[in-house]
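Notes to accompany the following structure.
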Amino acid sequence: MPEKFTKPYNPVEVEGAIYKKWEDSGYFNPDKLPGERTESFSIVLPPPNVTGSLHLGHAYEDTLQDIVIRFQRMRGKKVLWLPGTDSAAIATQARVEKNIQKEEKKTRHDLGREELVKRVHEFAKSSETTILSQVRKMGASLDWSRYAYTLDEKRNLAVLTAFKRMYDAGLIYRGHRIVNWDPKGQTTISDDEVMYEEEKGTFYYFQYGPFVIGTSRPETKFGDKYVVMHPDDSRYKDYTHGQKIELEWINGPITATVIKDTASDPEMGSGAMTITPWHSMADFEIAERHGLDKEQVIDRYGKLLPIAGEFAGMKISEAREKIVEKLRQKGLVVKVDDAYTHNIATSERTGATIEPQVMEQWFIAVNKSFVIPHSEIPGITSGSETTLKDIMRAAVESGAVDMPQEGFRKTYFHWIENLYDWCISRQIWFGHRIPVWYREQEVYCGVTPPEGDGWEQDPDVLDTWFSSALWTFSTLGWPEDTKDLETFHPTSFMSPAYEILQLWVSRMILMSGFHLGQVPFKKVMIHGLVRAKDGRKFSKSLNNGVDPLEMIEKYGADALRMGLIVGAVIGSDIRFDEQKVKAYKLFANKVWNIARFVLSQERTGDIKTELKEEFDALAKEVTADMENYRVYMAAEKLYHYLWGRFAAEILEESKGKPEYGKTLYYILENSLKLLHPFMPFITEEIWNSMPGKKELLMVEEWPIK
RNA sequence: GGGCGAUUAGCUCAGUUGGUAGAGCAACCCCUUUACACGGGGAAGGUCACAGGUUCGAGUCCUGUAUCGCCCACCA
């Protein structure tokens with residue numbers, strides 16, 4: 001028996017060396033795995049942002065994937081787990097800008113585009129190093145030789161190519177549409193980055209000619225020259241669509257036009273409303289339907305424009321009261337309701353109140369028909385007319401993307417139904433620049449800049465989710481026709497947090513559907529959030545963060561992995577409890593001592609049929625659990641068997657009985673294999689001392705075929 | 001406003017096709033027994049949110065109620 005077993009198991013001493021042994025073996029790379037492997041299995045790591053360091057959410061997600069990956073590798077598949085990082089354009093730039101603001105008292109405009117982008121790249125590089133070393137500490141068996149970064153050369157080519165092809169297909173267009181404008185960040189943000197916060201406000205009722213209209217935003221009302229009512233509203237049956245009415249408004253008499261539209265809710269207030277198409281999504285839709293004028297009232301900095309007359313140049317917050325006061329003097333204020341609560345849209349990143357604006361932006365048309373040249377997705381035939389939305393729906397409906405969690409599937413479909421065109425341009429500097437150039441009236445879109453002088457490139461960059469959406473195939477070499485792409489796409493499995501079901505999952509399906517005619521992954525298991533013990537989110541402001549590295553230092557990566565995974569049904573939130581991690585450190589030590597005892601025995605006697613059958617039954621159950629992604633159950637079963645049955649009963653019974661020898665070795669050897677995906681370090685370390693071992697445990701054969 | 005989910009032992013949660021309730025942690029008692037005190041043994045703890053229904057039988061299926069949570073959303 002090796003000397004090391006005379007002491008309690010100390011993970012800190014051995015984990016680093018074991019990871020190095022795995023890495024040196026080359027087995028993380030599917031091309032270097034031993035044996036004949038025909039079936040492939042692949043996962044692309046959801047790329048962590050380069051903004052920070054590893055948190056428990058990553059630790060959980062990495063553990064889940066590593067368990068699946070190690071299991072499949074041991075089952076003899078050609079296994080690829082591909083690592084990468086995400087530039088996360090807005091988040092990263094915001095972070096760096098904040099630092100510059102703090103340390104140098106400068107804005108990005110002081111530095112200029114080139115310098116800022118350089119600084120952001122430097123920052124991204126340094127935090128990339130940090131986060132990758134942390135991922136290694138978790139024991140993640142990633143193929144580092146295929147490492148990808150959303151802004152590296154290959155991924156850049158993929159992004160530009162994807163843009164070009166969708167542009168040529170007419171699915172990417174530039175248009176004036178209403179977008180979420182962040183006046184503080186001076187950029188548009190996607191619907192998904194808008195947060196709604198409840199706010200107590202004031203609701204005003206104004207006299208608008210013969211009508212009473214309600215609003216919480218008097219400052220937008222200057223340009224309101226349409227009054228909308230439901231066509232079936234009997235109160236207004238004497239007014240006809242298109243009728244002109246002269247009336248007195250904020251800055252004098254105006255001519256209003258009556259519009260009949262079903263968007264108006266008769267139950268709401270007086271049933272009549274005026275609209276501000278430039279600054280409201282709903283109003284914009286109505287204006288589009290009837291071909292109405294749209295006028296800008298508020299500028300990009302949140303100030304009123306000349307249309308506001310005497311209020312021009314004022315910030316909306318200071319103008320509001322003054323406008324109401326003026327209306328009051330004119331006798332146009334009917335009622336003021338102070339106890340009004342409503343949700344206001346704010347920017348997730350900057351916290352600023354979103355000001356909807358009509359702006360010229362780039363969009364992806366999700367409802368526009370196009371002919372798909374090639375499709376492997378059931379329900380979408382090659383050469384048929386389809387839309388991106390149809391692709392997204394069909395991929396999941398047909399089961400090509402297996403999304404077994406019913407609740408999430410419902411959420412997914414519900415979201416698809418309500419999908420608008422995706423605004424992909426962002427007014428920041430860090431990220432993939434839009435590959436479109438202008439010269440006078442000419443527009444050029446291409447992967448490389450146009451020939452000739454006088455061209456100017458579009459200043460905007462792409463939404464970070466554009467490149468993320470290509471991730472499953474851009475990482476495999478697309479747009480080139482690579483061997484990797486053929487072997488590993490569609491990928492086998494994806495396990496994202498439910499937070500990014502729409503943001504990411506659906507858009508991956510969109511992109512890989514359009515560009516490859518394939519789904520991005522065959523199975524998706526959406527997981528929950530890791531929360532603090534009290535159920536609250538981990539956050540900087542609460543200062544309740546737990547550093548995974550600290551947990552690894554204290555209890556070992558194996559214990560942390562078990563603590564995160566056991567008893568955590570995939571899909572629901574998990575409450576992190578340090579006690580649980582501690583308990584699995586004790587379990588690691590238990591396993592260690594089981595090995596110590598067994599290795600001190602002679603391999604004598606015959607394998608006892610009854611005990612073997614009992615163990616094999618467990619192995620079968622565990623295998624079934626693994627195949628059905630019930631990893632939390634598999635882990636718990638192994639824990640119970642090893643501690644409660646093997647250690648507590650079988651070992652005790654065997655004491656002083658040499659005929660048990662072979663049986664004990666049989667159980668230990670196979671237990672190590674079953675346990676390896678969960679606790680890779682300690683099992684590999686024990687395996688190293690097993691008599692007759694030939695290979696690393698990570699590539700040993702799984703006990704059940 | 002729409003959608004989704006949760007409610008089981010003090011705490012965190014399992015409970016796979018309906019068949020007499022489980023685990024870990026915590027708390028309690030005992031034991032320095034030769035693999036392990038990072039251990040061993042023992043005992044305790046639950047009208048499975050509530051009300052109906054289906055069934056021979058319901059934590060599990062159906063309907064409703066309550067509470068909590070999450071996601072989405074253009075209510076003037």
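Residue numbers begin at 1 in each chain, while the letters A, B, ... track the order of the sequences. None of these values were measured; they are calculated from a predicted model. What you see below is based on every heavy atom in this structure, not just the backbone, and it leaves out hydrogens, waters and symmetry mates.
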Taking only side-chain N and O atoms of [X], does any of them lie within less than 4.0 angstrom of OP1 or OP2 on [N]?
X	N	result
Trp643(A)	rG40(B)	yes
Arg575(A)	rC13(B)	yes
Ser572(A)	rA14(B)	yes

Please work out if [X] contacts a base, only the sugar-phosphate, or nothing of the nucleic acid, heavy-atom cut-off 4.0 Å.
X	value
Ala272(A)	nothing
Gln601(A)	nothing
Ile178(A)	nothing
Gly271(A)	base
Phe203(A)	sugar-phosphate
Arg217(A)	nothing

Looking at residues at least two apart in the chain, or sitting in another chain, which of them share a salt bridge (Lys or Arg N to Asp or Glu O under 4.0 Å) with [X]?
X	answer
Glu355(A)	Arg217(A)
Glu621(A)	Lys637(A)
Glu288(A)	Lys294(A)
Lys693(A)	none

*Please check if the side chain of Asn670(A) supplies one atom and the backbone of Tyr666(A) the other of a donor-acceptor pair under 3.5 Å.*
yes
*Glu685(A) side-chain N/O to Val14(A) backbone N/O, donor-acceptor pair under 3.5 Å*: no
*Side-chain ion pair, Glu417(A) and Arg393(A), N-O less than 4.0 Å*: yes
*State whether Glu295(A) and Lys225(A) are salt-bridged, where the test is any N-O pair (Lys NZ or Arg NE/NH1/NH2 against Asp/Glu carboxylate O) under 4.0 Å.*
yes
*asked:* So that I can compare with my own list, what are the stems of RNA chain B, taken as at least three consecutive Watson-Crick or G-U pairs with distances under 3.5 Å?
replied: B:1-7 with B:66-72, B:10-13 with B:22-25, B:28-31 with B:39-42, B:49-53 with B:61-65
*asked:* Looking only at the side chains, is there a donor atom on one of Asp261(A) and His290(A) sitting less than 3.5 Å from an acceptor on the other?
replied: yes
What pairs of nitrogen or oxygen atoms, one from the protein and one from nucleotides 29-34 of chain B, lie under 3.5 Å apart?
none

Counting side-chain heavy atoms from C-beta on, which of [options] comes nearest to [X]?
X	options	value
Met633(A)	rC74(B), rU16(B), rA35(B)	rU16(B)
His414(A)	rG41(B), rG2(B), rC38(B)	rG2(B)
Ala648(A)	rG41(B), rG15(B), rC36(B)	rG41(B)

With sequence neighbours excluded, tell me which residues meet side-chain contact (heavy atoms from CB on, under 4.5 Å) with [X].
X	answer
Ser654(A)	Phe597(A), Tyr660(A), Leu664(A)
Tyr632(A)	Val569(A), Arg630(A)
Lys582(A)	Tyr555(A), Gln579(A)
Gln296(A)	Trp278(A), His279(A), Leu305(A), Gln357(A)

*Counting only distance, no hydrogens or angles, is the base of rC36(B) paired donor-acceptor with the side chain of Lys590(A) under 3.5 Å?*
yes
Over how many whole Å does the gap from [X] atom [atom1] to [N] atom [atom2] extend?
X	N	atom1	atom2	result
Gln207(A)	rA76(B)	CD	P	20 Å
Tyr9(A)	rC36(B)	OH	C1'	15 Å
Ile286(A)	rC75(B)	CD1	C1'	11 Å
Tyr498(A)	rG3(B)	OH	C1'	15 Å
Met273(A)	rC74(B)	CE	P	14 Å
Ile500(A)	rC70(B)	CD1	C1'	16 Å
Glu355(A)	rC74(B)	CD	P	15 Å
Ile526(A)	rC72(B)	CD1	P	13 Å

*Which comes earlier along RNA chain B counting from the 5' end, the contact point of Glu621(A) or that of Arg531(A), where each point is its nearest nucleotide?*
Glu621(A)
*Tell me which of Lys410(A) and Ile594(A) sits closer to the 5' end of RNA chain B, going by the nucleotide each one is nearest to.*
Lys410(A)
Polar atom pairs between nucleotides 23-27 of chain B and protein, under 3.5 Å, N or O only, would you list them?
residue, atom, partner, partner atom, Å
rA23(B), O3', His640(A), NE2, 3.3
rA23(B), O2', His640(A), NE2, 3.0

*Could you give me the CA-CA distance, side-chain angles and deciding distance for Lys410(A) and Glu406(A), then say whether salt bridge (charged side-chain N to carboxylate O under 4.0 Å, His left out) is met?*
CA-CA 6 Å; Lys410(A) 282 185 192 165; Glu406(A) 203 196 339; 3.8 Å; yes
*Within 45 degrees of the axis of the six-membered ring of Phe5(A) and under 6.0 Å from its centre: does Arg596(A) put its NZ or CZ there?*
no
Check: protein-nucleotides 8-10 of chain B nitrogen or oxygen pairs below 3.5 Å:
none

*asked:* Would you call the rings of Phe646(A) and Tyr641(A) parallel, tilted or perpendicular, taking 30° and 60° as the class edges?
replied: parallel
